[in-house]
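Written out below as structure tokens is the structure these notes cover.
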Amino acid sequence: MKILVLHGPNLNLLGTREPGIYGTLTLAEINQRLHTLANTLGVTELRTQQSNHEGMLVDAFHDARNWANGVLINPGAYTHTSIALRDAISAVGLPVVEAHLSNVYAREAFRHHSMLAGVCVGSLCGFGYNSYALGLQALVWHIQKGA
Ligand code: DQA
């Protein structure tokens with residue numbers, strides 16, 4: 001069981017970025033917690049990657065075809081804009097779960113639509129770090145069910 005965790009733009013600033021919305025955990029702390037959780041879920045390899053660049057995230061999906069069983073992504077603002085990321089998910093055919101720290105549906109209207117949700121297995125939002133934790137667990141269950 002090998003999983004890629006992708007973090008999109010501005011998530012490198014977690015900890016200091018609008019903590020009232022996104023909490024005080026840093027990205028390194030989130031990744032550390034995910035590694036610990038992954039061990040308990042039987043994930044043998046968990047790679048984490050963050051990029052502020054859409055094309056880098058597309059490349060990460062393409063590369064994941066060669067080694068990963070699934071992808072957990074917080075696409076940041078690209079959630080709401082990126083047809084390129086949606087097409088990458090469709091193209092690689094790996095199961096993908098979308099996670100957001102904040103409840104995007106309780107925020108500005110432009111955050112209410114996800115370009116990616118329709119090609120993902122499912123989505124979690126509004127639970128802070130636990131959106132990632134629940135998303136990782138759901139992704140592993142989904143992959144095991146299909147095995
Ligand atoms: C986010 C929500 C997005 O709308 C926003 O652009 C982000 C973070 C979240 O985790 O809540 O960058 O994906």
Side-chain angles (χ1 to χ4, degrees), residues 1-41 43 45-65 67-143:
M1 178 70 68
K2 298 180 179 179
I3 303 290
L4 172 64
V5 178
L6 280 178
H7 306 280
N10 300 306
L11 296 170
N12 53 309
L13 299 182
L14 286 177
T16 57
R17 177 192 180 196
E18 301 183 86
I21 297 174
Y22 298 118
T24 53
L25 286 180
T26 65
L27 192 61
E29 288 166 339
I30 287 174
N31 287 338
Q32 183 53 53
R33 287 183 182 205
L34 288 174
H35 277 287
T36 303
L37 175 63
N39 283 334
T40 72
L41 295 173
V43 175
E45 185 172 351
L46 186 88
R47 296 188 200 173
T48 62
Q49 201 175 331
Q50 188 275 331
S51 180
N52 294 320
H53 305 279
E54 192 174 18
M56 297 277 282
L57 295 165
V58 170
D59 287 343
F61 272 111
H62 293 185
D63 183 57
R65 258 185 325 176
W67 67 272
N69 299 105
V71 181
L72 174 66
I73 184 169
N74 181 347
Y78 288 138
T79 307
H80 317 297
T81 63
S82 182
I83 297 169
L85 279 179
R86 181 190 176 99
D87 284 352
I89 293 170
S90 299
V92 302
L94 288 170
V96 176
V97 169
E98 180 184 322
H100 300 282
L101 295 154
S102 66
N103 178 357
V104 289
Y105 301 103
R107 300 180 62 194
E108 303 96 323
F110 65 83
R111 297 186 203 274
H112 296 181
H113 182 255
S114 168
M115 287 286 184
L116 312 187
V119 292
C120 290
V121 175
S123 307
L124 280 304
C125 78
F127 298 102
Y129 159 74
N130 284 320
S131 294
Y132 283 97
L134 294 165
L136 180 61
Q137 186 150 37
L139 179 61
V140 168
W141 281 339
H142 175 83
I143 294 165

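Read the numbers this way: they start at 1 and go in the same order the structure lists the ligands and their atoms.
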Which protein heavy atom lies closest to atom 1 (C) of ligand 1, and at what distance to 0.1 Å? H100 ND1, 3.6 Å
Below 3.5 Å, N or O to N or O, backbone or side chain included: is there any such pair between V104 and ligand 1? no
To which protein heavy atom is atom 11 (O) of ligand 1 closest, and what is the distance rounded to 0.1 Å? S102 OG, 2.6 Å
Quick test: of every protein heavy atom, which one is nearest to atom 5 (C) of ligand 1, and how far off is it to 0.1 Å? R111 NH1, 3.3 Å
Pairing donors with acceptors under 3.5 angstrom, does anything connect the side chains of S114 and E98? yes
Can a donor-acceptor pair be found, under 3.5 Å and without considering hydrogens, that links the side chain of R86 to the backbone of M115? yes
So for Y22, does at least one of its heavy atoms come nearer than 4.0 angstrom to any atom of ligand 1? yes
Protein heavy-atom partner closest to atom 9 (C) of ligand 1 - residue, atom, separation in Å: L101 N, 3.4 Å
Short question: side chain of H112, backbone of R107 - any donor-acceptor pair under 3.5 Å? yes
Please check if the number of heavy atoms outside Y129 that lie under 6.0 Å from its OH is greater than 12. yes
Does N74 come within less than 4.0 angstrom of ligand 1, counting non-hydrogen atoms of the residue? yes
May I ask you to decide if H100's main-chain N or O and S131's side chain share a donor-acceptor pair within less than 3.5 Å? yes
Between P75 and ligand 1, does any nitrogen or oxygen pair lie at a separation below 3.5 Å? no
Keeping the roles fixed (side chain from S82, backbone from T79), state whether a donor-acceptor pair exists under 3.5 Å. no
Has R17 got any heavy atom lying under 4.0 angstrom from an atom of ligand 1? yes
Regarding Y132 and H7, is there a side-chain donor-to-acceptor distance under 3.5 Å anywhere? yes
List ligand 1 atoms under 4.0 Å from H80, heavy atoms only on the residue side. 3 (C), 4 (O)
